[in-house]
Amino acid sequence: MASAILLAATVSAQSLKPIKLVTPSKERGASIMQSLANRQSVREFSEKKLSDQDLSDVIWAACGINRPAEGKRTSPTAMNKQDVDLYVFLAEGVYLYDVKNHSLAPVVAGDHRPLIGDRQPTINKAPAILLMVSDLARFDVNVGNDVKREFGALDVGIVSQNISLFCAGCGLVTVPRAFMDKEKLRTLLKLSDTQVLMLNNPVGYPK
Ligand SMILES: Cc1cc2nc3c(=O)[nH]c(=O)nc-3n(C[C@H](O)[C@H](O)[C@H](O)COP(=O)(O)O)c2cc1C
């Protein structure tokens, strides 16, 4: 039985292919002040799929590498520990952002967006949902668990705000959300004890 479940999970991830994201466009969007003026939480989405450019750009804006020589990113992290992993939920499956290669690695096939929308069903209509997970094990320094959790939450908050500002500046909509079915997501994504599900941002076009 256990081996049948394992086989099913492996097959399910294999049915997805890695997605090479297009080169991010740095020449677009409203000014930073206009983006701040536009930023707002929106919870209704058109079901239209994100264009390749928008998918790439919102992910890069979230936590992509902006200084390749140093491997540093659009979003800062405490002590540059780069603890935030970005899971991307699309209609066909869940992917993990491979930051170094600016690509999406398959995690599990199937539409799992309802685990994130949970009790807010309009969220499940968003064509992409970005889920931020902080891996506290990357804070391999002599500080207590409370401090590690605080660092993780702060780092995730910045990634989320990058997503919100990108959306506000480029004609997309989003909302930062803490609610989701954490228990089921933890099992689905096979997270370890140190990986903390913190926030999600559904992303799409206005309805
Ligand atoms: C940490 C955090 C968690 C949030 N969680 C949710 C959520 O689970 N569901 C939701 O609809 N909105 C959520 N929000 C959005 C807030 O409700 C929203 O930001 C607030 O009402 C202010 O509205 P504005 O973003 O349009 O300024 C969250 C916001 C933050 C910062």
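The structure displayed is predicted, hence computed values, not measured ones. Order of appearance sets the numbers: ligands from 1, and atoms from 1 within every ligand.
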Within-cut-off N or O pair, Q40 and ligand 1, under 3.5 Å: no

Proximal candidate to atom 6 (C) of ligand 1 [heavy atom criterion; set P176, G157, G117, S41]: P176

Closest non-hydrogen atom pair, E92 against L16: O-CD2, 3.4 Å

For atom 5 (N) of ligand 1, the protein heavy atom that lies nearest, with its residue and separation: A178 N, 2.9 Å

Heavy atom of the protein closest to atom 9 (N) of ligand 1 (residue, atom name, distance): Q120 OE1, 3.0 Å

Which residue and heavy atom of the protein sit nearest atom 21 (O) of ligand 1, plus the separation: R43 NH2, 4.0 Å

A137 to T194 - nearest heavy-atom pair and separation: CB-OG1, 3.6 Å

Verdict with supporting geometry, D54 and R28, salt bridge (charged side-chain N to carboxylate O under 4.0 Å, His left out): CA-CA 11 Å; D54 283 337; R28 63 181 296 199; 2.8 Å; yes

Proximity flag R39 to ligand 1, non-hydrogen atoms under 4.0 Å: yes

V175: numbered ligand 1 atoms lying under 4.0 Å from its heavy atoms: 12 (N), 15 (C)

Shortest protein heavy-atom distance from atom 2 (C) of ligand 1, along with the residue and atom involved: L199 CD2, 4.1 Å

Sidechain N-carboxylate O distance under 4.0 Å for R138, D85: yes

Closest heavy-atom pair and its distance - G204, P127: CA-CD, 3.7 Å

Salt bridge flag under 4.0 Å for residues D140 and K81: yes

Numbering as shown, the atoms of ligand 1 that approach F179 to under 4.0 Å (heavy-atom distance): 7 (C), 8 (O)

Note, K182 side chain near I116 side chain (heavy atom, < 4.5 Å): no

